[in-house]
Amino acid sequence: MSSYPEIDLGGARVLVTGAGRGIGRATAAAFVARGAVVALADIDRGAVESTADGLGTAHVLDVRSRVSWEACVAEVGPIDILVNNAGVMPVGGFLDESDATGEMTIDVNVWGPIHGMRAVVPGMIERGRGHVVNVASLAGKIAIPGLAVYNASKYAAVGLSAAARLEFADHGVSVSAVLPSAVRTTLTSGIPLGKGLPTVDPEDIADAIVRTVRTRRAETPVPGYLAALDLGLAVAPERLMRVIRRAVGGERALTRVDPTARADYDARLRRGEQTG
């Protein structure tokens, strides 16, 4: 339990970004199953309208734009729980990645949560309670070749969540970061999963997100047994980490990506979509 004001999920108003598919869709369904009123937001109008049918209201949102955020929040009304889930994950060598791709990654994965909290949290503070979940990644703790800018964006999301949590705590507003390992969505399409890399489903992440409303934990890794990761990384020498990475295929995002299997996701990235 926590010292934050309790939020009863029955009737709570939840805004989930990147809700057109994947983790966002599973999260919306998980909150609805517990009695919440859910607003689903995504830059892909067709995807979010299809997903929202039977779950909640659909809203078009480009998380890179503060103006788009303000318009979405005005449509939704007072928000009790904000889930910043929208994200992109380009893969490939750092020097091969275009500036435009890198800028999009930072804009969606970092500026998205920044804009979201600045648009939503003032209302939470005014009402004396609220909860924010920023969906980060274990890539916010572990460097992965082939994901350098994505790594940078998720390290930023973890730090942003920790600092904002401290700023908002005295106002009754909590901030939690959820850190998934590899998730079976189109975000990881074409990347070999398993073989030492913990792999989970969108529903596992959704359950962890919902659980933070009760625990208000600062960080929740998924799967949960990776909670000791911080301590392990702090004490493990770099040479040992290199051995571990080789053993689990830690360069798979750089050297073993199937471009054919990933083609659809890459095309969606080029269209500016923001969900896995």
Side-chain angles (χ1 to χ4, degrees), residues 13-24 27-28 38-49 51-52 56-90 99-127 129-137 140 149-150 152-169 171-178 209 268-276:
R13 185 172 292 276
V14 183
L15 173 61
V16 181
T17 72
R21 52 179 62 84
I23 294 171
T27 299
V38 180
L40 296 84
D42 199 293
I43 196 172
D44 185 336
R45 180 185 296 274
V48 74
E49 288 181 347
T51 298
T57 56
H59 306 269
V60 177
L61 170 65
D62 182 349
V63 300
R64 299 169 295 182
S65 165
R66 180 66 179 272
V67 172
S68 184
W69 267 105
E70 297 291 354
C72 180
V73 172
E75 289 177 2
V76 173
I79 296 164
D80 299 303
I81 301 164
L82 168 65
V83 181
N84 281 314
N85 166 69
V88 297
M89 193 182 80
D99 289 348
T101 297
E103 288 167 1
M104 175 183 64
T105 302
I106 297 298
D107 285 347
V108 174
N109 296 357
V110 182
W111 277 105
I114 290 173
H115 288 320
M117 288 193 290
R118 287 178 172 168
V120 173
V121 170
M124 292 178 170
I125 290 175
E126 184 177 324
R127 293 185 297 277
R129 68 170 197 168
H131 182 54
V132 177
V133 183
N134 291 326
V135 180
S137 169
V149 177
Y150 178 78
S153 73
K154 293 304 184 178
Y155 271 80
V158 171
L160 170 67
S161 301
R165 178 182 176 89
L166 295 175
E167 290 195 24
F168 304 155
H171 303 282
V173 177
S174 50
V175 180
S176 297
V178 170
I209 290 169
R268 284 173 44 213
L269 281 182
R270 290 191 292 272
R271 294 195 298 269
E273 295 184 23
Q274 302 169 0
T275 55

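The model shown is predicted, which means the values in this text are computed figures rather than measured ones.
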For residues [X] and [Y], report the shortest heavy-atom separation together with the two atoms involved.
{"X": "Ala19", "Y": "Asp42", "answer": "N-OD2, 3.4 Å"}
{"X": "Lys154", "Y": "Val135", "answer": "NZ-O, 3.2 Å"}
{"X": "Ala119", "Y": "Trp69", "answer": "CB-CB, 4.0 Å"}
{"X": "Arg127", "Y": "Ile79", "answer": "NH2-O, 2.8 Å"}
{"X": "Ser174", "Y": "His131", "answer": "OG-ND1, 2.6 Å"}
{"X": "Arg64", "Y": "Met104", "answer": "NH1-CG, 4.3 Å"}

Rounded to the nearest 0.5 Å, how far apart are [atom1] of [X] and [atom2] of [Y]?
{"X": "Asp62", "Y": "Ile43", "atom1": "CG", "atom2": "CD1", "value": "4.0 Å"}
{"X": "Ser137", "Y": "Asn109", "atom1": "OG", "atom2": "CG", "value": "9.5 Å"}
{"X": "His59", "Y": "Arg45", "atom1": "NE2", "atom2": "CZ", "value": "11.5 Å"}
{"X": "Ile81", "Y": "Thr27", "atom1": "CD1", "atom2": "OG1", "value": "11.5 Å"}
{"X": "His115", "Y": "Asp107", "atom1": "NE2", "atom2": "CG", "value": "7.5 Å"}

Does [Y] offer a backbone N or O that forms a donor-acceptor pair with the side chain of [X] under 3.5 Å?
{"X": "Arg13", "Y": "Ala39", "value": "no"}
{"X": "Trp111", "Y": "Ile106", "value": "no"}
{"X": "Arg165", "Y": "Val175", "value": "yes"}
{"X": "Thr51", "Y": "Val48", "value": "no"}
{"X": "Asn85", "Y": "Val16", "value": "no"}
{"X": "Thr17", "Y": "Ala86", "value": "yes"}
{"X": "Asn134", "Y": "Val158", "value": "no"}

Under the side chain to side chain contact (heavy atoms under 4.5 Å, CB included) rule, what do Glu75 and Thr57 come out as? Steps first, then yes or no, please. CA-CA 10 Å; Glu75 289 177 2; Thr57 56; over 6 Å; no

Given side chains that start at C-beta, do those of Val149 and Pro90 come closer than 4.5 Å, heavy atoms only?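 Of all side-chain heavy-atom pairs linking Pro90 with Val149, none is under 4.5 Å.
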
I want to check something: taking the side chain as every heavy atom from C-beta on, are Val120 and Val132 in contact at a cut-off of under 4.5 Å? no

Derivation of the side chain to side chain contact (heavy atoms under 4.5 Å, CB included) call for Arg21 and Asp44: CA-CA 10 Å; Arg21 52 179 62 84; Asp44 185 336; 3.5 Å; yes

Could you please spell out the steps behind the side chain to side chain contact (heavy atoms under 4.5 Å, CB included) verdict for Ile209 and Val83? CA-CA 8 Å; Ile209 290 169; Val83 181; 4.0 Å; yes

Should Phe168 and Met124 be marked as a side chain to side chain contact (heavy atoms under 4.5 Å, CB included) after you check the CA-CA gap, both sets of side-chain angles, and the distance that decides it? CA-CA 10 Å; Phe168 304 155; Met124 292 178 170; over 6 Å; no

